[in-house]
Every structure is written in C-alpha cells, then in structure tokens.
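Since the model is a prediction, treat every value here as computed from it, not as a measurement. Note: hydrogens, waters and symmetry copies are ignored here, and every other heavy atom, side chains too, is used.
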Amino acid sequence: MEGEMQTESKIRADSGTEPGPRVPGCSLRHFACEQNLLSRPDGSASFLQGDTSVLAGVYGPAEVKISKEIFNKATLEVILRPKTGLPGVAEKSRERLIRNTCEAVVLGALHPRTSITVVLQVVSDAGSLLACCLNAACMALVDAGVPMRALFCGVTCALDSDGTLMLDPTAKQEKEARAVLTFALDSVERKLLMSTTKGLYSDTELQQCLAAAQTASTHVFRFYRESLQRRYSKS
Amino acid sequence: MAAGFKTVEPLEYYRRFLKENCRPDGRELGEFRTTTVNEFGAPPTDAPDKGYVVPNVDLSPLCSSRFRSGPPGEEAQVASQFIADVIENSQIIQKEDLCISSGKLAWVLYCDLICLNHDGNILDACTFALLAALKNVQLPEVTINEETALAEVNLKKKSYLNIRTHPVATSFAVFDDTLLIVDPTEEEEHLATGTLTVVMDEEGRLCCLHKPGGSGLTGAKLQDCMSRAVTRHKEVKKLMDEVFKSMKPK
C-alpha cells in the first residue's frame with residue numbers, strides 16, 4: 001500500500017531565467033501534486049499551482065441511483081465546493097464544464113450502470129482556479145484507477161490591455177487583464193477539449209493563446225508522467 | 001420503416017443523413033420570450049457607480065418534457081450563468097448608465113428569459129432574446145428630491161437604454177470528432193459528441209468561447225467555426241434591424 005507521494009516541480013519554458021519572480025511570457029507557476037492522501041475515497045489528489053490549491057476525491061465505479069442510471073456507460077458526477085459560502089450558479093456552471101471534460105476522456109463504456117463521482121474542494125484561490133481544478137480531477141481519476149483514453153490538463157491564459165499574453169495568471173493579474181481564457185487540452189494530440197473565456201479578444205489572439213496553452217500543456221503532462229513514475233517506481 | 005430504424009439506431013440514422021450533407025427535419029429554433037423589469041436598488045459598495053443586470057433563464061415543463069417544475073435545474077443555471085457572462089464580457093450596456101445617484105440609488109434590471117419551446121440551441125436563442133428585450137427597455141427619468149431624500153419617478157419621460165454592442169451567439173454540434181453542424185436541434189445535441197458556442201460582436205471580437213467538454217477540436221477546426229460565426233452574425237444582424245424597425249415606438 002503506497003503512502004503519500006509528493007512530487008514537486010519547477011517548470012520553466014524557453015526563457016531559461018533563474019527561478020524566482022515569474023517572467024511574463026511563457027512561464028507557469030511552481031506546481032506540486034500529492035496523491036492518495038485521503039483514506040475514504042477510491043482516489044484522491046491535491047494539486048497546487050503557485051498559491052492556488054484544490055483537493056480532489058474520486059469515488060467509483062460505484063452504485064448508481066436508478067433514476068440516474070445510463071444503460072451503456074458510467075454516470076459521471078462532479079461536485080465543486082467553494083472555499084467559503086454555499087455553492088451557487090457559478091459553481092454549477094464550472095461543475096458542468098469539468099464533468100463534460102471528464103466524460104470525453106473517461107472510458108465510461110467499460111463500467112455501464114455505475115457512477116463515478118469527483119468531489120473538488122477549493123482550499124485556496126490565487127488565480128487560475130478552473131485549471132487547477134481540472135488538473136486535480138485528472139490526477140485523482142488516475143489515482144482511483146478509472147480507465148481513461150487520455151489525460152487532460154487545464155491551462156489559463158490572460159491577455160492584458162496591450163495584448164501581452166500571460167500564462168497561469170495570479171488573481172491580481174486576472175482582475176487587471178482584458179481577457180482570461182481557460183482551456184482543457186488532452187494528452188494525445190493536444191486537442192481542445194474545453195474552453196471558457198471572459199472578456200473581449202480577437203480571433204488571432206485566440207489562436208495565439210491556444211498555441212501557447214498547447215506548449216505549456218507539454219510541461220504539465222511531463223510533470224504528470226514524472227510524478228507517477230516516481231510513485232510507482234518505489235513499489 | 002425509417003421511424004423504426006430511427007428509434008433503434010439513432011446515431012446511424014443521423015450518420016446516413018450527414019453523409020448526404022443534409023438534415024432530416026429542417027431547422028427549428030426554440031422560441032424564447034424575454035421580459036425585463038426595472039427596480040431600484042442600492043449600488044454595490046465596491047462599485048458605487050454601477051447598477052445591476054440580473055439574468056435568469058427559466059426552463060419549465062412547458063417547453064419540454066425533459067424538465068420538471070421546482071428549483072432551476074442544472075441546464076437552466078448553466079444558461080443563466082452563460083447569459084450573465086455574455087452581458088459582462090460584451091459590455092452590451094455600461095453598468096454606469098444604470099446608476100441614478102452615485103453610492104445611493106441605481107437601477108436593477110431583472111431579465112427573465114422564459115423558454116416557450118425547446119428544440120435545442122437555447123444559448124443562441126437566449127442571447128438574441130436578451131438583445132431584443134434590452135433594445136426595448138425604457139427607463140423612466142428619476143430625480144432625487146433633496147428635501148425629502150426620496151426618489152421621484154417621472155413616468156411620462158422615458159428613455160431607451162444605450163446598447164453599445166450587439167453580441168450574437170452561434171452554436172455548433174460536433175459529431176464523431178470531425179463533422180460540425182451549425183444550430184443543432186435537440187435530437188442533434190443529444191447525439192452529438194460535443195458542443196461549441198461562439199459569441200461575437202459586430203467588430204469581429206469574441207466575447208465568449210464556450211466549449212463545455214466533449215470531443216477534442218484542432219486549431220484549424222476552431223478557425224473554421226470563427227468564420228462561420230462571422231457570416232452568421234451578419235445574417236442575424238440584418239434580421240434584428242428589420243425587427244427593430246418594425247417595433248412601434250411608444
């Protein structure tokens with residue numbers, strides 16, 4: 001039985017500057033992941049991006065209510081709990097986004113008439129929350145051993161008033177930005193699985209952000225691979 | 001014969017049609033009816049110059065047997081959030097226009113979008129209905145009486161809202177990771193492997209790219225969607241202008 005496996009990684013893209021304050025351009029914040037930290041859920045993971053932290057737990061494949069049963073695939077459910085207050089309409093919207101992303105990736109056909117529940121708890125929010133939730137959900141699904149056809153990751157891009165692109169913005173940068181775009185990309189071909197945006201931007205800017213997000217996702221997937229390799233190489 | 005085939009293998013039935021590049025039942029949009037109600041409220045403390053716009057999408061059993069009466073279900077909440085995002089992102093009205101007296105009194109616009117008939121693609125219909133309703137809103141003039149510190153509403157003098165941009169939503173359904181259909185009906189949405197909604201204003205700027213999961217799309221396919229959204233915007237704008245011209249001024 002593996003204990004907790006903590007992996008940390010400081011990812012820098014092309015610029016090659018020394019670690020410390022981030023260079024706006026193509027760098028992601030320091031991220032860390034911890035798996036199998038909760039004893040009751042089948043799989044759990046905690047994902048940290050800078051100061052944003054999300055805890056995810058996965059129960060499944062498990063018993064499903066007859067009213068929610070689907071005859072040929074698993075019923076996926078996502079519950080997102082904000083840090084403070086009761087869940088509202090914004091949480092429902094995010095739950096739908098995360099659920100549809102997971103449904104595209106999870107091989108539900110292998111577990112018909114079952115339910116797979118992903119519970120996400122926001123521990124701290126310092127920008128790029130939805131991307132962090134997606135990453136935590138993916139790691140938790142892997143920890144639970146749910147069959148998936150690909151991994152997915154979330155990347156956030158912010159565009160400020162003069163068109164400069166910032167990846168993985170902090171809360172302050174998100175507030176000051178003209179537009180904030182969040183993408184979920186799959187690991188096989190870096191296709192766009194989910195996108196949600198805030199603010200006004202042009203068509204070309206969208207393509208630029210998507211390209212930057214695809215490059216950044218390579219780093220995230222490399223991190224996933226390293227952390228899982230480290231975890232399973234011990235046992 | 002065809003009806004039996006359709007029930008047993010709905011996806012195959014659609015695939016046969018898609019191969020011939022046509023759709024079996026023509027396009028139908030879900031109808032929408034919008035009402036906006038004006039009310040007074042105090043502006044939020046962190047933005048003393050702004051008023052409120054509160055959208056609410058109501059999907060009742062009237063529009064489709066899928067929905068039950070009671071508190072709004074997930075689909076209604078997601079649609080309401082989408083409309084709120086569109087209003088905020090596209091800046092269709094300046095919230096400052098809704099302020100009557102800074103820090104004390106502002107207009108609260110309640111936009112209730114009631115679906116009468118649901119046949120897929122509610123997000124497009126909602127955005128259009130909202131735009132039409134906001135164009136129709138007339139706010140009476142309000143003066144604050146300095147002696148009594150009460151607001152006096154002059155119902156005889158009304159003015160229209162200043163609509164700055166005209167966002168138009170275009171929805172697509174993705175089939176089998178390759179085919180894209182514009183303006184899907186309910187059956188098509190149900191069978192599709194993914195959906196995508198693009199909200200564009202008249203200058204070609206994107207207000208919202210809403211892709212709630214589903215099968216993956218490459219950058220090239222996305223570009224294709226953008227160009228179709230631009231053409232759709234032009235068609236819808238023409239239709240809108242005709243409708244507004246025909247509305248009787250009060």
The interface call for A:L210 against chain B, heavy-atom contacts under 4.5 Å, is side chain

Okay, A:R99 and chain B: the region with an atom under 4.5 Å from a heavy atom over there is side chain

In terms of heavy-atom pairs under 4.5 Å with chain A, the winner among B:T165, B:T193, B:L206 is B:L206

By salt bridge (Lys or Arg N to Asp or Glu O under 4.0 Å), B:R66 pairs with (sequence neighbours left out) B:E75, B:E186

For residues 181-197 of chain A, run the donor-acceptor check on the side chains, cut-off 3.5 Å, and write out each pair with its distance to 0.1 Å, sequence neighbours left out.
unit_1 : atom_1 : unit_2 : atom_2 : d
A:D186 : OD1    : A:E189 : N      : 3.3
A:D186 : OD1    : A:R190 : N      : 3.2
A:D186 : OD1    : A:K191 : N      : 3.1
A:S187 : OG     : A:L151 : N      : 3.0
A:S187 : OG     : A:L151 : O      : 3.4
A:R190 : NE     : A:S217 : OG     : 3.4
A:R190 : NH1    : A:S187 : O      : 2.7
A:S195 : OG     : B:L209 : O      : 2.9
A:T197 : OG1    : A:Y201 : OH     : 3.0
A:T197 : OG1    : B:L209 : N      : 3.0

Of B:T195, B:V198, B:D183, B:N121, the one forming a side chain to side chain contact (heavy atoms under 4.5 Å, CB included) with B:F172 is B:V198

Comparing A:Q214, A:Q207, A:E103 against chain B, the one with the most heavy-atom pairs below 4.5 Å turns out to be A:Q207

So, the part of B:Q91 with a heavy atom under 4.5 Å from chain A: the answer is neither

Here the gap from A:L141 atom CG to A:I116 atom CD1, rounded to the nearest 0.5 Å, amounts to 7.5 Å

| field | Distance-only side-chain donor-acceptor flag, A:Q49 / A:N135, under 3.5 Å | value | yes

